[in-house]
Amino acid sequence: MPISKSRQSPFDTRNERGADRLLQIEAVYDKVPVGLCYLNRNGTFVTINDQLSRMLGVASERAVGQQVEDIVPDHAHLLRDSLKAALAGAPIPDQEIRRAEETFMVSAASVTNDLGETTGISVAYTNISNVKRIAHKLQETEQRTTYALESAGQWIWDLNIATMRVWRSPQYRILLGLDPNGADSESVAWDIVHPDDKARAIQAFEDAVSGRTPYFEAVYRVPRGNGGHAWILSRGKIVEYGPDGAPLRLLATSVDISMQKQIEEQLSTTVQLRLELEQKLLEANRKLKNQSERDHLTNLPNRRKFNHLLKREFVRATENADSLAILMIDIDHFKAYNDFYGHLAGDKCLVQVGRALNKVIKQSGGSIARFGGEEFAALLSGVTAEQASTTAMQMLGTVTAMQLEHSGSPTGVISVSIGMAVFGDENREAITGPDDVLNCADSALYQSKRNGRGRLSVWGDFAK
């Protein structure tokens with residue numbers, strides 16, 4: 001095959017290829033039980049799910065494209081601070097906000113692209129009003145706990161250690177829904193404790209009596225009057241000793257912590273659900289990412305993926321003073337092929353040619369992508385111009401050897417034209433970015449077409 005050289009300047013520019021498209025995950029956002037939105041680095045709403053639309057009282061179509069100050073002026077500064085922290089690579093703390101009678105936890109996380117650059121933040125709004133109200137009530141109850149106070153939600157009990165008889169204040173029966181006129185309030189110690197919890201309660205008592213612990217503290221279940229059990233937290237201390245120093249009385253208070261236990265279980269369930277949701281979101285993101293970087297017809301990487309690889313390998317080649325070869329490959333007279341054989345046959349041809357080119361490039365340690373239409377792009381790292389040229393010539397020969405009929409081509413069979421550019425020591429100072437190498441290879445491809453197609457043209461001084 002003849003090889004020609006292209007003389008176009010490496011600084012000629014063309015429209016940037018393959019602008020990154022935003023991964024659309026609204027379908028996943030709308031399934032989660034929290035308000036979610038994505039802000040770009042300018043503080044503009046890019047996406048907002050239905051939950052957050054309801055929380056903020058603003059339609060998503062009105063919010064998207066607007067600055068945070070226009071949509072949530074009451075806490076726009078909070079989102080701006082989170083965005084500023086994300087752009088600075090600093091931790092983003094969770095914060096609470098009040099809107100009307102509701103309390104929300106606002107959590108934000110940095111969003112980065114494939115190059116590791118921060119593109120914005122993902123923000124989650126969780127309604128914690130009920131949890132805040134319950135936590136506040138529990139805190140008030142804890143503050144009221146004292147050994148001398150008989151108050152709603154607690155009862156006092158006094159254990160005679162010598163006789164192991166216990167007296168309980170009247171609140172005991174009231175709080176547990178028992179008959180206030182029931183059995184005498186004095187009974188045998190530990191008789192109301194659930195069998196599964198009794199050993200733990202007795203051990204806590206023995207530790208306090210022996211002095212191994214300064215206080216008695218135990219959590220256990222007791223029966224309710226209407227069925228079921230209540231979780232009880234009991235705390236106390238030895239308040240009387242005999243002449244010989246032996247403990248005589250244990251005075252303690254008990255409080256119903258069933259609500260707290262319920263909250264703990266709910267929180268545990270919520271954490272588990274959140275972990276499962278995060279895993280599903282990660283899997284969905286991976287699938288979306290793979291789909292966004294894969295050509296659906298040939299199953300080769302697409303233009304977007306190729307541009308990412310090119311940028312990464314150009315940086316590597318620059319930092320390591322290594323070489324990088326780009327091959328732009330175009331199927332000759334493909335429009336005529338489609339017109340004559342039809343688009344289904346054209347798609348089949350693209351798949352066959354892509355498979356053949358991929359086999360050659362894999363043997364050379366490179367990668368190839370469908371760049372668009374009938375055009376492919378290949379990348380070879382750390383190779384000489386001679387090695388890259390050899391690979392290109394193998395591609396030409398492999399496609400021709402397939403003998404795919406093409407009545408619209410002068411040769412009668414499918415062929416490809418290739419343009420090649422190598423970034424290396426000869427042009428390291430002149431080429432300033434990956435697009436320069438790509439443009440040079442593209443110019444060499446057009447030189448191949450001008451010279452009759454079915455051939456390789458090399459940008460620069462090397463030619464075979």
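One is the number of the first residue; the rest follow in order along the sequence. Remember, it's a predicted structure, so these values are computed and weren't measured experimentally.
A ring pair (Phe, Tyr, Trp, His ring centres under 6.0 Å) check over residues 82-119, counting only residues at least two apart or in different chains, returns nothing. For residues 254-282, the set of pairs meeting the ring pair (Phe, Tyr, Trp, His ring centres under 6.0 Å) definition, not counting sequence neighbours, is empty. Within the structure, side chain to side chain donor-acceptor pair (under 3.5 Å) pairs that include any residue of residues 346-366 comprise S364-T391 (at least two apart or interchain). Evaluation of the ring pair (Phe, Tyr, Trp, His ring centres under 6.0 Å) test over residues 378-419, restricted to residues two or more places apart or in two chains, returns Y337-H406. Sorted by first and then second residue, the pairs that involve residues 77-100 and meet side chain to side chain donor-acceptor pair (under 3.5 Å), not counting sequence neighbours, are Q67-R80, E69-R80, D74-R99, D94-S107, E96-K132, R98-T103. Within the structure, every pair that satisfies the salt bridge (charged side-chain N to carboxylate O under 4.0 Å, His left out) test and touches residues 315-331, not counting sequence neighbours, is listed here: E313-R316, R316-D322, D330-K449.
A search for side-chain contact (heavy atoms from CB on, under 4.5 Å) contacts involving A90 returns A85, not counting sequence neighbours. Shown here are the side-chain hydrogen bond (donor to acceptor under 3.5 Å, both in side chains) partners of H333, two or more places apart in sequence or in another chain: there are none. Scanning for side-chain contact (heavy atoms from CB on, under 4.5 Å) contacts around N40 gives N42, T44, V46, with sequence neighbours left out. A204 pairs by the side-chain contact (heavy atoms from CB on, under 4.5 Å) definition with F216, A218, not counting sequence neighbours. A377 meets the side-chain contact (heavy atoms from CB on, under 4.5 Å) test with F306, M328, F371; sequence neighbours excluded. For R54, there are no salt bridge (charged side-chain N to carboxylate O under 4.0 Å, His left out) partners, not counting sequence neighbours.
Here L357 contributes atom CG and L300 contributes atom CG; the two are 8.5 Å apart, rounded to the nearest 0.5 Å. Between atom CG of residue D207 and atom CZ of residue R212 there is a gap of 4.5 Å, rounded to the nearest 0.5 Å. Rounding to the nearest 0.5 Å places CD1 of I418 at 8.5 Å from CE of M393. To the nearest 0.5 Å, atom CD of residue Q387 and atom CG of residue L380 are 9.0 Å apart.
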